[in-house]
Amino acid sequence: MKRTNNCGELRKEDSGKKVAISGWVHKYRNLGGLIFLDVRDRHGITQVVFDPKVLPDEIISKAGSCRNEFVVTVSGTVQIKPEPNKNLATGEIEINADGIVIENASVTPPFNFLNGKSDAKEESRLQYRFIDLRSEKMTNNLLIRHKVTMAVRNYLSDKGFIEIETPTFSKSTPEGARDYLVPSRLYPGMFYALPQSPQIYKQLLMVAGQDKYFQIARCYRDEDSRKDRQPEFTQIDIEQSFVSQDEIFELTEGMFRDLFEKAAGIKLKTPFERMPYQKAMDDYGVDKPDLRYGLKLKNVTDITRNSGFKVFSDAPCVKFLPVPGISEYSRKQISAIEDHAKHLGAKGLAFAKYIDGKLDGGISKFLSEKETSEIISRSELKENNGLIFFGADKEDMANKVLGGVRIKLAEELNLYDPEEFRFCWITDFPLFSYNEEEQRWEAMHHMFTMPKPEFLQDMIDGKNLEKILGQLYDLVANGVELASGSIRIHNSELQEKVFSILGMPKEEYETKFGAMLNAFRFGAPPHGGIAPGLDRLVAMICKEDSIRDVIAFPKAKNQNCMMMNAPSEVSQDQLDELFLEIKKH
RNA sequence: GGUCCGGUAGUUCAAUCUGGUUAGAGCACCUGCCUGUCACGCAGGAAGUUGCGAGUUCGAGCCUCGUCCGGACCGCCA
């Protein structure tokens, strides 16, 4: 028997048609005489009814033997149901069966689907991923992911970009994340590295005159996972020659508008807001602010330098977070927030209540009148009550703690609309930051970024490094970094200058980046690009908290695949061929 | 590497705080009944190395230590 329709497409207009559908038994209801099977495939669920008045015993007993997740093909006639099922798209019809083939039985499944989702913990879902992916929720997530990549491919292709694949066996460049290494059989003791991103290849493609390139590119970074970070993940990698930052923004905005519309029917407003990095850090304490709600941080370092309150006067930076309307917070609630702050690295979390125009409780008694009035006026608390949290520490720690507390409170107080998408470009990132521990300069982002023109001379002179801003940008939505890009250096001398600022001797950067430097000497066009993270983007559209739920076969926390049991040991022969020895520890 | 949460029937959870009878419930599974269900219903049944290993105790699912697995966060992630 061959199916004529899928399980999601029959409607009352099809009434009277002879059809056959194939799928999994989603649910069976045996009423003793009448038997109902809900048959499910990727497209939907269709109810089939077996009527013993007209069917031979053999068919009835076969239908009655079906259990959840059996694979069946059922033939019959489409008919209108006496009472429609409003929960199903096919709910107005059913198939009045005249035959059934059990294609395959199933042992009792480890879990079932409830409300379209697997009713199991993630541990089982990852182990039995092939069953989990049958759920409506996961099927839909994979479909949305497909729609996003299709929209991206069509959009970029229409704009004159071509998709070019780059190698996954590449060269290790130990800056940045840890590399995944692949031992070479033909070169004993040598290794390929899986690319952390196609960065150098895409720049070489620009030198190669390919003008506009993109790739749905798999990237590999051997760092500890998070709910938004997997050891392998996918970037929408885009690079273009003779392009400005504004043109990249316009291209990206158009692409996001298009894919949100096509994948989710959501209309985004463009152009997106723009915010310099420094303002994001000052107001929100993070470089990826969630702008769906306010709760801005305030700085009072200027007036607390000479404070009588030692915690403030000793601190290099004092910022505070005024939160309107929660002056009635209990000691327990405040203490829970303090625990969160400590978890982020704070020594403690000072607070004061704002009631009837005055500061009360907490540390309020240690503050002078001037400090109190400045704090109240800078808090911009309009209501007559609120709660103020203080961060007194090094600036980056104060930002981290108050920025983290801000996010926690916004969740706790439901300060944002989960349906809203609030995009923002973060611009003007510094190029370099000084690593105190290692006593050297580091690239804040990556080392191929062009400075803004007004800082070019300082960079050539190696002066005021901490002040140099780059043509460097992130795209942030709802507090999530969705994309990152820059205008690149295309001049070998300037690129060498950056390597030397980062403390790399010539021999070292020639070994690591020789190919790129050499290419730049052969007529490299100015170029730049951007790389949105596909997994985070799709997770946001699907309203999933973890990118694991938008990846067909993700790794668990510890980078293992619970379904395949990877990684695994290999044979001694395999090791011998690769000239590898396992060190016992 | 660190902090925290979880691991009990196929599965999701309860019993753990306050150690004490035969470790319970929903779904799934098995048997019987049931002709319009749609998360069908009714009656009955089977199902447990309480992740693993030590320790404390007259007695441990429960307390302690170690270990493994899953998750959140810090570190890390150019």
Side-chain angles (χ1 to χ4, degrees), chain A residues 26-38 45-55 60 64 67-69 79 81-88 90-92 94 96 106-128 131 173-179 196-197 199-200 219-231 233 339-346 397 400-401 404 407-408 429 431-433 435 441-449 472 481 484 486 498-499 502 504 512-513 533 545-546 548 555-558 560 562:
Chain A
H26 186 70
K27 195 80 195 168
Y28 65 93
R29 290 178 294 280
N30 188 337
L31 273 60
L34 275 184
I35 294 169
F36 295 96
L37 297 183
D38 289 342
I45 295 174
T46 298
Q47 173 168 291
V48 181
V49 59
F50 292 82
D51 187 349
K53 266 193 310 225
V54 296
L55 291 174
I60 291 297
R67 292 293 176 271
N68 290 347
E69 302 310 307
Q79 64 185 25
K81 287 180 58 173
E83 289 289 331
N85 179 353
K86 293 192 176 68
N87 299 321
L88 293 180
T90 61
E92 288 188 306
E94 66 191 354
N96 188 5
S106 169
V107 296
T108 303
F111 48 81
N112 297 297
F113 309 117
L114 207 57
N115 303 320
K117 290 196 290 202
S118 303
D119 64 346
K121 287 199 269 202
E122 195 166 10
E123 198 170 345
S124 319
R125 292 177 49 213
L126 288 174
Q127 196 180 341
Y128 294 95
I131 298 176
T173 54
E175 283 70 29
R178 206 174 286 117
D179 283 322
Q196 297 180 24
S197 86
Q199 183 63 33
I200 293 174
C219 307
Y220 307 87
R221 294 179 193 175
D222 187 2
E223 297 294 349
D224 289 356
S225 305
R226 288 285 189 279
K227 61 183 171 182
D228 63 349
R229 275 167 31 193
Q230 283 270 305
F233 62 99
D339 285 348
H340 183 68
K342 283 179 177 164
H343 196 63
L344 295 170
M397 185 53 79
K400 185 174 159 198
V401 169
I407 292 167
K408 183 178 167 60
F429 282 83
L431 276 189
F432 304 106
S433 65
N435 184 325
W441 289 93
E442 287 180 338
M444 238 177 97
H445 214 75
H446 67 47
M447 51 186 104
F448 311 116
T449 300
L472 181 56
E481 182 196 313
S484 186
S486 64
V498 173
F499 290 144
L502 299 176
M504 231 188 278
K512 286 177 182 164
F513 302 106
D545 191 44
S546 165
R548 289 188 299 272
K555 300 285 184 288
K557 186 80 175 178
N558 293 332
N560 56 324
M562 298 189 73

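Each chain gets a letter, A, B and so on, in the order the sequences are listed, and its residues count up from 1.
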*Kindly say whether A:Leu344 contributes a backbone atom to a donor-acceptor pair with the side chain of A:Lys400 at under 3.5 angstrom?*
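Checked: pair present.
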
*Compare every heavy atom of A:Ala346 with every heavy atom of A:Val401, then report the nearest pair and how far apart it is.*
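Shortest heavy-atom contact: CG2-CB, 3.5 Å.
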
*Considering non-hydrogen atoms only, spot the tightest contact between A:Ala120 and A:Arg125 and give its length.*
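Scanning both residues, the minimum pair turns out to be O-CD, 3.6 Å.
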
*Are any non-hydrogen side-chain atoms of A:Phe432 and A:Val498 less than 4.5 angstrom apart?*
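In short, these two side chains touch, coming nearer than 4.5 Å.
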
*Side chains of A:Ser197 and A:Arg221 in contact at under 4.5 Å (non-hydrogen atoms)*: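 Result yes, sub-4.5 Å side-chain heavy-atom pair found.
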
Please report the distance, rounded to the nearest Å, between [atom1] in [X] and [atom2] in [N].
| X | N | atom1 | atom2 | result |
| --- | --- | --- | --- | --- |
| A:Glu83 | B:G36 | CD | C1' | 9 Å |
| A:Arg125 | B:U12 | CZ | C1' | 14 Å |
| A:Ile60 | B:C34 | CD1 | C1' | 14 Å |
| A:Leu114 | B:C13 | CG | P | 13 Å |
| A:Asp224 | B:G75 | CG | P | 12 Å |
| A:Tyr128 | B:U12 | OH | C1' | 15 Å |
| A:Glu123 | B:C5 | CD | P | 18 Å |
| A:Asp179 | B:C76 | CG | P | 18 Å |

Is there, by distance only and without an angle test, a donor paired with an acceptor across the side chain of [X] and the base of [N] below 3.5 Å?
| X | N | answer |
| --- | --- | --- |
| A:Gln127 | B:G70 | no |
| A:Lys27 | B:C38 | no |
| A:Arg221 | B:C77 | no |

Any strand: nucleotide that pairs with [N] via Watson-Crick or wobble, under 3.5 Å:
| N | result |
| --- | --- |
| B:C27 | B:G10 |
| B:G66 | B:C52 |
| B:U16 | none |
| B:G36 | none |
| B:G75 | none |

Considering only atom [atom1], compute the distance from [N] to [M] and round it to an integer number of Å.
| N | M | atom1 | result |
| --- | --- | --- | --- |
| B:U64 | B:C17 | P | 10 Å |
| B:C65 | B:C4 | P | 11 Å |
| B:C42 | B:A23 | P | 27 Å |
| B:U21 | B:A15 | P | 16 Å |
| B:C29 | B:G53 | P | 32 Å |
| B:G59 | B:C63 | C1' | 13 Å |
| B:C13 | B:G20 | P | 23 Å |
| B:G7 | B:A43 | P | 32 Å |

_According to a cutoff of under 5.5 Å between the ring centres and under 30° between the ring planes, does A:Phe111 stack with the base of B:U11?_
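No; centroid distance or tilt outside limits.
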
*Tell me which of A:Ala443 and A:Lys81 sits closer to the 5' end of RNA chain B, going by the nucleotide each one is nearest to.*
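Taking each residue's closest nucleotide, the earlier one in sequence belongs to A:Lys81.
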
*Could you say whether A:Gln47 or A:Ser197 is positioned toward the 5' end of RNA chain B, judged by the nucleotide with the nearest heavy atom to each?*
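Its nearest nucleotide lies further toward 5', so the answer is A:Gln47.
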
Using a cut-off of less than 4.0 Å, is there contact between a side-chain N or O of [X] and OP1 or OP2 of [N]?
| X | N | result |
| --- | --- | --- |
| A:Asn87 | B:A39 | yes |
| A:Tyr28 | B:C29 | yes |
| A:Lys342 | B:U3 | no |
| A:Arg29 | B:U37 | no |

*asked:* Could you check whether A:Glu223 pairs with A:Arg229 (Lys NZ or Arg NE/NH1/NH2 to Asp/Glu carboxylate O, under 4.0 Å)?
replied: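 Salt bridge flag = no for A:Arg229 with A:Glu223.
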
Among the nucleotides [options], which one has an atom lying closest to any side-chain atom of [X]?
| X | options | answer |
| --- | --- | --- |
| A:Pro52 | B:G1, B:U35, B:G36 | B:U35 |
| A:Asn68 | B:A28, B:C13, B:U37 | B:A28 |
| A:Glu223 | B:C27, B:C29, B:C77 | B:C77 |
| A:Ala120 | B:U12, B:C34, B:U37 | B:U12 |
| A:Arg67 | B:C38, B:G7, B:C29 | B:C29 |

With a non-hydrogen cut-off below 4.0 angstrom, is [X] in contact with a base, only sugar-phosphate, or nothing?
| X | result |
| --- | --- |
| A:Asp119 | sugar-phosphate |
| A:Pro110 | sugar-phosphate |
| A:Glu442 | nothing |
| A:Asn112 | sugar-phosphate |

*Does any donor atom in the side chain of A:Gln196 or A:Asp179 lie under 3.5 Å from an acceptor atom in the other side chain?*
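Yes.
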
Would you tabulate the pairs of protein nitrogen or oxygen atoms and nucleotide nitrogen or oxygen atoms of nucleotides 71-73 of chain B closer than 3.5 angstrom?
| unit_1 | atom_1 | unit_2 | atom_2 | d |
| --- | --- | --- | --- | --- |
| B:G71 | OP1 | A:Lys557 | N | 2.9 |
| B:G71 | OP2 | A:Lys557 | N | 2.7 |
| B:G71 | O3' | A:Arg548 | NH2 | 3.1 |
| B:A72 | OP1 | A:Arg548 | NH1 | 3.3 |
| B:A72 | OP1 | A:Arg548 | NH2 | 3.0 |
| B:A72 | OP2 | A:Lys557 | NZ | 3.0 |
| B:C73 | O2' | A:His343 | NE2 | 2.9 |
| B:C73 | O2 | A:His343 | NE2 | 3.3 |

*How many angstroms lie between atom NZ of A:Lys53 and atom CG of A:Leu34, to the nearest 0.5 angstrom?*
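Separation between the atoms: 7.5 Å.
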
*Do the ring planes of A:His26 and A:Phe113 sit parallel (below 30°), tilted (30 to 60°) or perpendicular (above 60°)?*
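Parallel.
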
*More than 12 heavy atoms of other residues, nucleotides or ligands under 6.0 Å from NZ of A:Lys81: is that the case?*
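Count over threshold, so yes.
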
*Taking ring pair (Phe, Tyr, Trp, His ring centres under 6.0 Å) as the test, write out the residues that go with A:Phe499, two or more places apart.*
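Only A:Tyr509, A:Phe513 meet the ring pair (Phe, Tyr, Trp, His ring centres under 6.0 Å) criterion with A:Phe499.
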
